[in-house]
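Here the structure is a predicted model, which means the values were calculated and not measured.
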Amino acid sequence: MNDSPSILNQPRVIPGGRPPNSDFHFDWPYERPTNDPAVAEIWCYTPRMSYFPGEVVDLHVHTTRAEFDIDIYRDGTTPTTVYSQRHVPGTVGTTPLDANVVGCDWPVALRVTVGDDWSSGFYIVVVRVTDDDGAVFEREHFFVV
């Protein structure tokens, strides 16, 4: 069996039900952060969806935890890890109600340079946090090289 890291064998916990705060509305047309410090959550985005080797990917991250982990994989029959970092400092970002129209404008949490050795393809960004009970919460994003 292959012991290499893969997003397919990473632990996943998907929070279900209504987040424990009064700001959550089921009529919003999209899922959004709760900004509740009691809830372990993480979200991320990049300003662009495609990059060339040598360009810098700005990762904008919102999390209710003090730190987060990140892995970037090139997708394929065998996912290949191209970047991994643990204990990245996390920050809470304000999310406007119309973020789906105006964006979030969260701060850049991390800048990653696309390596000259990164093959053309689809890359998956996985950001993850752990709650006080050890449950893992993660989100995925993607970009193309």
Using atom types as modelled, flag every donor-acceptor pair under 3.5 Å from a side chain in residues 112-126 to any protein atom, sequence neighbours excluded.
| unit_1 | atom_1 | unit_2 | atom_2 | d |
| --- | --- | --- | --- | --- |
| Ser120 | OG | Val145 | O | 3.1 |
| Tyr123 | OH | Ser119 | N | 3.1 |
| Tyr123 | OH | Ser119 | O | 2.6 |

Are the side chain of [X] and the backbone of [Y] linked by a donor-acceptor contact shorter than 3.5 Å?
X      : Y      : value
Thr64  : Val39  : yes
Asp69  : His87  : yes
Arg86  : Phe68  : no
Thr80  : Thr78  : yes
Asp131 : Asp133 : yes
Arg65  : Pro89  : no

Could you report the tightest heavy-atom contact between [X] and [Y], atom names first, then the distance?
X      : Y      : value
His141 : Thr46  : NE2-OG1, 2.8 Å
Cys44  : Trp106 : N-CZ3, 4.3 Å
Thr77  : Pro79  : O-CD, 3.9 Å
Gly93  : His62  : N-ND1, 2.9 Å
Pro96  : Gly103 : CG-O, 3.5 Å
Tyr45  : Cys104 : CE2-CB, 3.8 Å

Candidate pair Tyr83 and Leu110, rule side-chain contact (heavy atoms from CB on, under 4.5 Å), full reasoning: CA-CA 12 Å; Tyr83 182 87; Leu110 188 64; 3.8 Å; yes
Over 12 non-hydrogen atoms of neighbours within 6.0 angstrom of CG in Asp58: yes
Arg111 CZ: over 12 foreign heavy atoms closer than 6.0 Å: no
Within one Ile-Leu-Val-Met-Phe-Trp-Tyr cluster: Val92 and Val88, side-chain cutoff 4.5 Å: no
Val56 with Ile72, same ILVMFWY side-chain cluster at under 4.5 Å: no
Check against side-chain contact (heavy atoms from CB on, under 4.5 Å), Phe142 and Met49: CA-CA 7 Å; Phe142 74 90; Met49 298 309 294; 3.3 Å; yes
Intermediate values then yes/no, side-chain contact (heavy atoms from CB on, under 4.5 Å), Ile42 and Val61: CA-CA 7 Å; Ile42 186 158; Val61 177; 3.9 Å; yes
Residue pair Leu59 / Val108, side-chain heavy-atom distance below 4.5 Å: no
Within-4.5 Å side-chain heavy-atom neighbours: Arg128 and Asp71: yes
Interatomic distance, Thr63 atom OG1 to Phe137 atom CZ [nearest 0.5 angstrom]: 10.5 Å
